[in-house]
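These notes are about the structure you will find just below.
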Amino acid sequence: MKREIYATDGTLTICPASEKDKINMSNSLARKVDKLIKILSKIGIEIKISVSDDGIYYSIFDEKNDYCGYFVINNPLSATPEIGIELIKAKRNKGIALRATRLVAKRFYEEHNVEYFLIKIQTENTHSRHVIEKSGAIFCGMDKEQSNQLIDSFIEALNDTDNEILKKALNKEMLEHEIQMDEVYVYKFMPDMFI
């Protein structure tokens, strides 16, 4: 099957993601909290995590045409869209993430009215933070919005149950501990870093 190419540097190729890939990609956040979802499911509470689907998804392939991971641009109509990237383990620490980020950012910048891109990296992801800082991205501060949205989803589901014991046992602090999502670093990825 021939893929449509969005951007390439001759070794990396970025293609619009297939519908099947988009589903797998958008579910990656839900997989991160799978343990808690299973625990709650065993005691009769079903929780569905909804992940925003307003992003534009791309698949990343290397020079051997091997799948490397995916790239997403969230809030694509914003002047400051957010970049997200996730590589499979075998393709990490090979310079692919930064190269793919520069390729997609450059092409997207040329096509849209973008002031700069935002990149959010979880605090424990020291390697990615080092790479993005080395690229010249500008640190903006910390953000806890993503984990707060997950916590709010769980709290909402708990409020819908009639089990008062469960409501008392699974409070916000317990959920924060179980989800183990910390603050994230927020960076500006400016045009001079990819043009």
Side-chain angles (χ1 to χ4, degrees), residues 6-9 12-19 21-33 48-61 67-88 91-92 95-153 176 179-195:
Y6 182 72
T8 186
D9 65 2
L12 277 187
T13 302
I14 315 296
C15 303
S18 69
E19 287 305 311
D21 287 343
K22 287 179 192 177
I23 292 167
N24 291 335
M25 294 168 188
S26 66
N27 286 332
S28 67
L29 183 57
R31 287 193 300 271
K32 291 179 183 177
V33 293
K48 293 188 183 328
I49 301 295
S50 63
V51 178
S52 172
D53 61 356
D54 70 344
I56 301 173
Y57 292 88
Y58 302 93
S59 295
I60 306 165
F61 300 92
Y67 178 77
C68 299
Y70 72 89
F71 193 97
V72 61
I73 297 179
N74 288 313
N75 304 314
L77 301 178
S78 166
T80 58
E82 182 182 330
I83 291 173
I85 189 166
E86 188 165 330
L87 299 178
I88 62 173
K91 300 297 180 176
R92 293 178 186 164
I96 293 171
L98 186 55
R99 285 176 35 226
T101 300
R102 285 183 172 144
L103 276 170
V104 174
K106 181 178 180 186
R107 173 77 189 268
F108 198 82
Y109 177 80
E110 291 167 351
E111 297 173 341
H112 298 84
N113 186 19
V114 174
E115 186 178 335
Y116 58 84
F117 293 92
L118 292 174
I119 298 177
K120 295 181 180 181
I121 302 173
Q122 291 202 351
T123 53
E124 70 273 5
N125 192 345
T126 54
H127 178 75
S128 292
R129 286 186 6 239
H130 172 74
V131 169
I132 199 65
E133 288 167 0
K134 190 176 175 183
S135 79
I138 301 166
F139 177 71
C140 300
M142 306 294 275
D143 181 17
K144 208 170 184 177
E145 183 180 337
Q146 186 178 36
S147 60
N148 285 339
Q149 287 173 350
L150 285 172
I151 298 295
D152 291 345
S153 295
E176 286 174 340
I179 291 175
Q180 296 178 349
M181 290 185 73
D182 207 348
E183 291 180 321
V184 294
Y185 288 87
V186 181
Y187 294 89
K188 286 183 183 178
F189 197 64
M190 304 300 287
D192 61 349
M193 294 172 206
F194 52 83
I195 293 179

Exercise. Roughly how far apart are Lys134 NZ and Arg129 CZ, rounded to 0.5 Å?
Worked result: 15.5 Å
Exercise. Taking atom NZ of Lys106 as the centre, does the number of heavy atoms from other residues, nucleotides or ligands within less than 6.0 Å exceed 12?
Worked result: no
Exercise. Is any side-chain heavy atom of Phe61 less than 4.5 Å from a side-chain heavy atom of Cys68?
Worked result: no
Problem set entry | Contact check, side chains of Pro76 and Asn74, non-hydrogen atoms, under 4.5 Å | no
Problem set entry | Contact check, side chains of Ile138 and Met190, non-hydrogen atoms, under 4.5 Å | yes
For this session: Please identify each residue that fulfils side chain to side chain contact (heavy atoms under 4.5 Å, CB included) with Leu77, with sequence neighbours left out.
Result: none
For this session: State the CD1-CD1 distance between Ile56 and Ile73, to the nearest 0.5 angstrom.
Result: 6.0 Å
Exercise. If you measure only the distance, is there a donor-acceptor pair under 3.5 Å linking the side chains of Ser128 and Asn125?
Worked result: yes
Problem set entry | Minimum side-chain heavy-atom gap Ile60-Leu87 below 4.5 Å | yes
Problem set entry | Taking every non-hydrogen atom, the tightest pair across Val114 and Pro81 | CG1-CD, 3.9 Å
Problem set entry | Output field: ring centroids Phe189/Tyr116 closer than 6.0 Å | no
For this session: Start with the C-alpha gap between Glu133 and Tyr187, add the side-chain angles, then the distance that decides, and say whether side chain to side chain donor-acceptor pair (under 3.5 Å) holds.
Result: CA-CA 8 Å; Glu133 288 167 0; Tyr187 294 89; 2.4 Å; yes
For this session: Check step by step if ring-ring contact (aromatic ring centres under 6.0 Å, His included) holds for Phe71 and Tyr57.
Result: CA-CA 6 Å; Phe71 193 97; Tyr57 292 88; over 10 Å; no
For this session: Measure across Leu12 and Leu103 and return the closest heavy-atom pair with its distance rounded to 0.1 Å.
Result: CB-CD1, 4.0 Å
Problem set entry | Beyond-backbone contact of Ile132 with Ile121, side-chain heavy atoms, under 4.5 angstrom | yes
For this session: Quick one: do Met142 and Tyr185 satisfy side-chain contact (heavy atoms from CB on, under 4.5 Å)? Show the steps, please.
Result: CA-CA 5 Å; Met142 306 294 275; Tyr185 288 87; 3.7 Å; yes
For this session: Answer yes or no: is there a donor N or O on one side and an acceptor on the other, between the side chain of Arg107 and the main chain of Tyr6, under 3.5 Å?
Result: yes
Exercise. Would a line drawn from the ring center of Phe117 to the ring center of Phe194 be shorter than 6.0 Å?
Worked result: yes
Exercise. Hey, are the side chains of Asp9 and Arg99 touching, using non-hydrogen atoms and a 4.5 Å cut-off?
Worked result: yes
For this session: Report, as yes or no, whether the 6.0 Å neighbourhood of atom NE2 on His130 holds more than 12 heavy atoms from other residues, nucleotides or ligands.
Result: no
Exercise. Quick check: does any side chain N or O of Arg102 sit under 3.5 Å from a backbone N or O of Met193, one acting as donor and the other as acceptor?
Worked result: yes
Exercise. So do Ile88 and Tyr67 actually touch side chain to side chain, heavy atoms under 4.5 Å?
Worked result: yes
Exercise. With a cut-off of 6.0 Å (strictly less than), are more than 12 heavy atoms of other residues, nucleotides or ligands near CG of Asn113?
Worked result: no
Exercise. So do Ile85 and Thr101 actually touch side chain to side chain, heavy atoms under 4.5 Å?
Worked result: yes
